[in-house]
Enquirer: 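Right, I'll just put the structure down here and ask away after.
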Amino acid sequence: MFALVDCNSFYASCERVFRPDLKNKPVVVLSNNDGCVVALSKEAKKLGIKMCDPWYQIESAYTKKGGYAFSSNYELYADISARIMTTLERLSPNIEIYSIDEAFLDLTGVNNCQNLQDFGMQCKETIKQWTGMPVRVGIAPTKTLSKIASYGAKYYPATQGVVDLSKPERQKKLLNLVPVQEVWGVGRKIHKRLNQIGIRTALDLAMIDTKYVRNNFNIVLAKTVRELRGEPCIGLEDQSSAKKQIVVSRTFSKKVDDLRTLEEAVSDYAARAAAKLRRENRRCLYVSVFIRTNPFRTQDRQYRNSGTTRLIAPTSDTRDIIQNAKKSLRAIYRSGFNYIKAGILLSDFYDDQIQQYDFFYPKERTLHSDQLMNTIDKINKKGLPPVYFLAQGIKRKWSMKREIQSPRYTTSWNDLPKVS
DNA sequence: TCTGGGGTCCTAGGACCC
DNA sequence: TCTGGGGTCCTAGGACCC
């Protein structure tokens, strides 16, 4: 048996934790560069705002109606997420942190000593009390069904945010009410194809022959079908499973056309990616870079490309990663285009405890590399002004716009909320 | 003028091997 | 006119997730 604990409009709710005056008010959170809406409260939804609405199109009408908006504040969200996950770990022995605002709980054994509905209610209330965040809980014999349960908890207020689908009759009843595109694993493309063969609800999907699905769709959807019938196919993921790739990419705050500026941005992303890599205790062998123009500007000539370099040996040294990123960038850069986005991707990871040196690897790099990186990471961890490489640039005019960001209430001493 | 970022998994097709 | 069979590995791209 699984439980899915899911936060209600996570980013918007985070903004409310330290702003009780925003209770029952419309709140939206914007993507990087204040580009579009990525989270919205119930009240904002009622005003007709939708996920992914471009901010510049809705700003004036929305604020006139008394709506509040925030630039994304990932430091705050990550910290609140960590508090919620720690709380869940105390309530259940085995959890899988699925995303910043969701976790699956393994309820094996719990149903022997406690009513599951009560357990769900206890989770919800404890999290509210300890962190201030509203969550809902879906309980079911498979992960896919627990997602369905969570959907029920979201759209039917009578459930008070907790739905237990351990009984097959209840599963059937709810599946019949859920549109097929809401099923976990059914995206836009599959939805369209399912509609063409007359599949409209989750229950319709649960009833198709799995062989037919395997032959006409794919094995992933066949698993989904079996999960909807209550047959567990997807287990709790092992959290130790390490990342396979690290991506850092950003849209620029304005168009960029010269190589120097691109180099600066790519070096900055490379340094961030390298720091992430070290946090995972890994080294990487490949560094890829991609750049692209703005596809929304149809009047502009379009260009996109990516390039990859293989390092001499696996490394997590920022200097190596920056150097190779710049090399890849120079190989793919073409002048005469307005670039809007660049990114870096690290792949093929190795444990940082095992260092296989190459005969031709420069000695001075291997000698103090780990010590130097360690020191930089330590300094940058402690809320002091960060240490960075000159290649990352000083003014960073290309860097993203966040004009209406809330304070970092829980992660910066200067931003602590004041009580007067 | 202004349209996000970071991931995973699967599959088809090409290169290569015997 | 005629040109095998079976396998592995790698990569790019598609689809999905939050």
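The basis for the numbers below is simple: all heavy atoms, side chains too, and nothing from hydrogens, waters or symmetry mates. A note on names: the letters A, B, ... follow the listed sequences, proteins ahead of strands, and every chain is numbered from 1. The structure displayed is predicted, hence computed values, not measured ones.
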Enquirer: To the closest 0.5 Å, what do you measure between CZ (A/R200) and CG (A/N176)?
Expert: 14.0 Å
Enquirer: State the OG-CG distance between A/S41 and A/L22, to the nearest 0.5 angstrom.
Expert: 9.0 Å
Enquirer: Residues of residues 184-204 of chain A with any non-hydrogen atom less than 4.0 angstrom from an atom of DNA chain C: list those, numerically ordered, please.
Expert: A/W184, A/G185, A/V186, A/G187, A/R188, A/K189, A/I190
Enquirer: B/dG5 P sits how many Å from A/M51 CE, rounded?
Expert: 14 Å
Enquirer: Can you check each nucleotide of nucleotides 6-12 of chain B against protein heavy atoms at under 4.0 Å and return B for base, S for sugar-phosphate only, - for none, in 5' to 3' order?
Expert: SSBSSS-
Enquirer: Look at the side chain of A/D34 and the backbone N and O of A/E403, then say whether any donor-acceptor pair between them is shorter than 3.5 Å.
Expert: yes
Enquirer: Distance check: side-chain N/O of A/R297 vs OP1/OP2 of B/dC2, anything under 4.0 Å?
Expert: yes
Enquirer: How many angstroms lie between CG in A/L47 and NZ in A/K45, if you round to the nearest 0.5 Å?
Expert: 12.5 Å
Enquirer: Round to the nearest Å and state the distance from A/I58 atom CD1 to B/dT3 atom P.
Expert: 14 Å
Enquirer: When the side chains of residues 334-348 of chain A are checked against the rest of the protein, which donor-acceptor pairs come out under 3.5 Å, sequence neighbours left out?
Expert:
unit_1	atom_1	unit_2	atom_2	d
A/R334	NH1	A/A331	O	3.4
A/R334	NH1	A/I332	O	3.4
A/N338	ND2	A/D300	OD2	3.1
A/Y339	OH	A/R334	N	3.3
A/Y339	OH	A/R334	O	2.7
A/D348	OD1	A/Y350	OH	3.4
A/D348	OD2	A/Y350	OH	3.4

Enquirer: Taking only the P atom of each, what is the distance from C/dC18 to B/dT3 in whole angstrom?
Expert: 25 Å
Enquirer: List in numerical order all residues of residues 335-350 of chain A for which some heavy atom is under 4.0 Å away from an atom belonging to DNA chain B.
Expert: A/K341
Enquirer: Return all side-chain donor-acceptor pairs below 3.5 angstrom for residues 135-144 of chain A, not counting sequence neighbours, or 'none' if the list is empty.
Expert:
unit_1	atom_1	unit_2	atom_2	d
A/R136	NE	A/S150	O	3.3
A/R136	NE	A/S150	OG	3.0
A/R136	NH1	A/N8	OD1	2.8
A/R136	NH2	A/D6	OD2	3.1
A/T142	OG1	A/L145	N	3.1
A/T142	OG1	A/E227	O	2.9
A/K143	NZ	A/E96	OE1	2.7
A/K143	NZ	A/G235	O	2.9
A/T144	OG1	A/E227	OE1	2.6

Enquirer: Starting at atom OH of A/Y56, determine the distance to atom C1' of B/dC2, rounded to an integer number of angstrom.
Expert: 6 Å
Enquirer: Give me the ring orientation class for A/Y77 and A/Y74: parallel if the planes are under 30° apart, tilted from 30 to 60°, perpendicular past 60°.
Expert: perpendicular
Enquirer: Phosphate oxygens OP1/OP2 of B/dT3: is one of them under 4.0 Å from a side-chain N or O of A/T251?
Expert: no
Enquirer: What residues in residues 30-45 of chain A put a non-hydrogen atom under 4.0 Å from any atom of DNA chain B?
Expert: A/S31, A/N32
Enquirer: Using the test ring pair (Phe, Tyr, Trp, His ring centres under 6.0 Å), find all partners of A/F290 that sit at least two apart in sequence or belong to another chain.
Expert: none
Enquirer: If you count the non-hydrogen atoms of other residues, nucleotides and ligands that lie under 6.0 Å from CD in A/Q57, is the total more than 12?
Expert: yes
Enquirer: Check the distance between B/dG4's P and A/K401's NZ and give it to me in whole angstrom.
Expert: 12 Å
Enquirer: Runs of at least three consecutive Watson-Crick or G-U pairs, both distances under 3.5 Å, are what I'm after; which ones involve DNA chain C?
Expert: B:5-18 with C:5-18
Enquirer: Could you pull out all residues at least two apart from A/Y156 that satisfy ring pair (Phe, Tyr, Trp, His ring centres under 6.0 Å)?
Expert: none
Enquirer: Rounded to whole Å, please give me the gap between CZ in A/F104 and P in C/dC18.
Expert: 9 Å
Enquirer: Take the protein atom OH of A/Y77 and the nucleotide atom P of B/dG5, then report the distance between them rounded to whole Å.
Expert: 15 Å
Enquirer: Pairs in or reaching into residues 181-203 of chain A: which pass ring pair (Phe, Tyr, Trp, His ring centres under 6.0 Å), with residues at least two apart or in two chains?
Expert: A/Y98-A/W184, A/F104-A/W184
Enquirer: Show me, pair by pair, the donor-acceptor contacts under 3.5 angstrom made by side chains of residues 48-55 of chain A, not counting sequence neighbours?
Expert:
unit_1	atom_1	unit_2	atom_2	d
A/D53	OD2	A/K50	N	2.8

Enquirer: Just by modelled atom types, is the A/K128 backbone N or O under 3.5 Å from a matching donor or acceptor in the A/T131 side chain?
Expert: no
Enquirer: For A/F252, check ring pair (Phe, Tyr, Trp, His ring centres under 6.0 Å) against everything at least two apart and list the hits.
Expert: none
Enquirer: Would you mind reading off the distance between A/R136 atom CZ and C/dC18 atom C1', rounded to a whole angstrom?
Expert: 12 Å
Enquirer: I want to verify a distance call: between B/dT3, B/dG5, C/dC17, whose nearest atom is closest to the A/K147 side chain?
Expert: C/dC17
Enquirer: Counting only N and O atoms by type, is there a donor-acceptor contact under 3.5 Å from the side chain of A/E182 to the main-chain atoms of A/P179?
Expert: no
Enquirer: Counting the atoms with a prime plus P, OP1 and OP2 as sugar-phosphate, which does A/D53 contact under 4.0 Å by heavy atoms, base, sugar-phosphate, or nothing?
Expert: nothing
Enquirer: Hey, what do you get for CG (A/L40) to OG (A/S9), rounding to the nearest 0.5 Å?
Expert: 6.5 Å
